[in-house]
Q: 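Below is one structure. I have some questions about it.
Just so it is clear: chains get the letters A, B, ... in the order the sequence lines come, proteins before strands, and each one is counted from 1.
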Protein chains: 2
Amino acid sequence: MTVQKRRTQDQRSAETRKLLLAATIQSLMEVGYANTSTAGIARRAGVSRGAQTHHYPGKMDLIVAATEEMFAIFSDGLEALAAELRAGRLDYDGFFEAVWDNVLKGDWFYSSLEIIVAARGDEELRRHLAPLILELHEKFEATWSRSFVATAPGLVSARVAMNLVMNVFRGMAVQAVLRRDERYFREMLQALKTVIAVHVRPVEPGK
Amino acid sequence: MTVQKRRTQDQRSAETRKLLLAATIQSLMEVGYANTSTAGIARRAGVSRGAQTHHYPGKMDLIVAATEEMFAIFSDGLEALAAELRAGRLDYDGFFEAVWDNVLKGDWFYSSLEIIVAARGDEELRRHLAPLILELHEKFEATWSRSFVATAPGLVSARVAMNLVMNVFRGMAVQAVLRRDERYFREMLQALKTVIAVHVRPVEPGK
DNA sequence: TGTTAAAAACCGACCGAACTGTTTGTTAAT
DNA sequence: ATTAACAAACAGTTCGGTCGGTTTTTAACA
């Protein structure tokens with residue numbers, strides 16, 4: 001006989017939603033969008049299907065809410081690393097290594113890739129996600145421009161350099177799906193750092 | 001009353017298969033993997049479902065065969081552009097523009113992205129695709145190393161530079177799904193050319 | 001060369017499984 | 001008592017795979 005804790009309605013809602021969103025992200029990460037079903041999410045979350053439909057009536061609601069959560073995790077994570085860099089507790093190389101590690105090892109990147117790709121074939125999903133992506137990019141750029149300065153802004157601005165880096169990471173992660181080769185990725189990462197270092201450097205710590 | 005052309009069995013097979021593979025690629029491009037069904041493919045191809053199952057019994061057979069076709073189109077296209085570059089009929093800038101144009105405008109890139117992402121959640125599909133990807137990469141590297149030389153091979157080799165470029169393109173294409181901004185992409189492309197030009201240059205035409 | 005049996009290509013109906021959304025009923029909180 | 005949270009069964013659809021039957025081509029043979 002388990003003891004029933006008394007929880008407020010808000011607590012019950014919040015906990016159930018949290019479970020559902022975490023299960024959604026996990027499902028996208030593990031089995032991909034094509035194999036992610038609302039029933040499967042409810043099962044993973046340990047929540048009845050009725051509870052799931054109550055909080056998120058349609059599959060789209062679940063996906064969009066999970067995406068918001070992922071993007072928040074992502075931008076918070078990047079900002080935390082950038083703060084370490086600005087504080088001088090992480091150097092240029094270490095920062096890149098840490099970001100890449102976050103991309104490849106964290107749940108959120110591949111989950112968001114699944115969703116973005118799915119959105120390509122789903123007009124409604126795309127409409128919901130587009131503003132979220134724009135907001136995410138703005139946060140990225142804000143974080144990045146607080147942390148790096150361009151050596152020759154007229155040629156390659158800090159903002160553009162950042163987008164190059166993020167795009168390389170995106171591309172590498174896609175490639176990693178079918179080509180899991182640690183040595184190759186270390187080589188790529190090293191080259192990326194070299195190539196970007198020409199155009200951008202961290203702000204002076206403490207400045 | 002249409003006149004029935006007499007065709008050999010080989011011709012009939014080849015034509016039907018061609019229609020089915022083209023329809024598969026088109027379907028992946030237009031509606032994505034999640035919304036691509038075997039019945040839909042047969043409909044697009046103007047082929048009965050029976051004929052489809054005869055030539056490609058399972059969905060996987062269809063997908064794998066279509067992937068082989070796409071990869072062939074892709075590597076042939078890149079080699080053709082590189083040949084133009086080597087012949088001096090295309091300069092460094094023009095080559096990059098043309099490759100990017102191929103990526104964004106052609107059917108094959110997003111189709112292959114759909115398949116790669118789907119493969120992440122499907123062990124069997126991944127097993128079938130992995131060797132195809134390796135073969136494709138080898139062709140890329142062969143084409144590229146015939147066409148470019150590194151300025152400082154010890155620092156960033158021609159091979160690694162190419163992979164950086166391809167990864168940036170991959171990343172940009174993914175980004176383009178939710179952020180269709182022509183100006184932004186031109187800016188990125190310009191920066192990419194600038195950044196890579198430091199480490200790599202085309203072989204001398206005619207050499 | 002004309003005939004015909006075998007093989008290949010093609011057709012479309014059918015089946016079970018899985019999924020999303022809906023609905024009706026129950027329990028817990030206010 | 002009223003409302004929100006939770007539970008579970010149900011309905012309609014779609015999908016991938018299977019299968020018996022038909023048409024076209026091939027090839028053996030008289």
Q: Send over the distance from A:Arg43 CZ to D:dA7 P, rounded to a whole Å.
A: 15 Å
Q: When rounded to the nearest 0.5 angstrom, what is the spacing between CG in A:Leu189 and CZ in A:Phe96?
A: 8.0 Å
Q: Mind jotting down which residue pairs meet the salt bridge (charged side-chain N to carboxylate O under 4.0 Å, His left out) criterion with at least one end in residues 185-194 of chain A? Sequence neighbours excluded, please.
A: A:Asp93-A:Lys193, A:Glu97-A:Arg186, A:Glu97-A:Lys193, A:Glu187-B:Arg159
Q: Who passes ring pair (Phe, Tyr, Trp, His ring centres under 6.0 Å) against A:Phe148, sequence neighbours left out?
A: A:Phe95, A:Trp144
Q: So B:Leu90 and B:Leu81, side-chain contact (heavy atoms from CB on, under 4.5 Å) or not? Walk me through it.
A: CA-CA 8 Å; B:Leu90 206 56; B:Leu81 287 177; 4.2 Å; yes
Q: Below 4.0 angstrom, which residues in residues 21-34 of chain A have at least one non-hydrogen atom near DNA chain D?
A: none
Q: Who pairs with A:Arg146 by salt bridge (Lys or Arg N to Asp or Glu O under 4.0 Å), at least two apart in sequence or on another chain?
A: A:Glu79
Q: For B:Arg180, give me all partners under salt bridge (Lys or Arg N to Asp or Glu O under 4.0 Å), at least two apart in sequence or on another chain.
A: none
Q: Send over the distance from B:Gln52 CD to C:dA13 C1', rounded to a whole Å.
A: 15 Å
Q: Mind calculating the distance between CD1 (B:Ile41) and C1' (D:dT14) to the nearest angstrom?
A: 15 Å
Q: Could you work out, with ring pair (Phe, Tyr, Trp, His ring centres under 6.0 Å) as the rule, every residue matching A:Phe185, not counting sequence neighbours?
A: A:Trp100
Q: Is the gap between the ring centers of A:Phe74 and A:Phe140 under 6.0 Å?
A: yes
Q: Please enumerate all residues that pass side chain to side chain contact (heavy atoms under 4.5 Å, CB included) together with B:Gln9, with sequence neighbours excluded.
A: B:Arg12
Q: Which atom pairs, donor and acceptor, lie under 3.5 Å between side-chain atoms of residues 117-124 of chain A and protein residues at least two apart or in another chain?
A:
residue	atom	partner	partner atom	Å
A:Arg120	NE	B:Glu114	OE2	3.1
A:Arg120	NH1	B:Met29	O	2.8
A:Arg120	NH2	B:Leu28	O	2.8
A:Arg120	NH2	B:Met29	O	2.9
A:Arg120	NH2	B:Glu114	OE2	3.0
A:Asp122	OD1	A:Glu124	N	3.2
A:Asp122	OD1	A:Leu125	N	3.1
A:Glu123	OE1	A:Arg126	NH2	3.1
A:Glu123	OE2	A:Arg127	NH1	3.0

Q: Walk along nucleotides 19-24 of chain C from 5' to 3' and tag each nucleotide B, S or - by protein heavy-atom contact under 4.0 Å, base first, then sugar-phosphate.
A: SBBB--
Q: Identify all pairs in which a protein N or O lies below 3.5 Å from an N or O of nucleotides 2-5 of chain D, and state each distance.
A:
residue	atom	partner	partner atom	Å
D:dA5	OP1	A:Ser13	OG	2.3
D:dA5	OP2	A:His54	NE2	2.8
D:dA5	O4'	A:Arg12	NH2	3.3

Q: Hey, what bend do you get for the helix from C:dT1-D:dA30 to C:dT30-D:dA1 if you fit axes on five pairs at each end, rounded to 10°?
A: 0°
Q: Between B:Lys18 and B:Glu69, is there a side-chain N and carboxylate O pair less than 4.0 Å apart?
A: no
Q: Between B:Thr24 (side chain) and B:Leu20 (backbone), is there a donor-acceptor pair under 3.5 Å?
A: yes
Q: Can you pull out every side-chain hydrogen bond (donor to acceptor under 3.5 Å, both in side chains) where at least one residue sits in residues 58-67 of chain A? Sequence neighbours excluded, please.
A: none
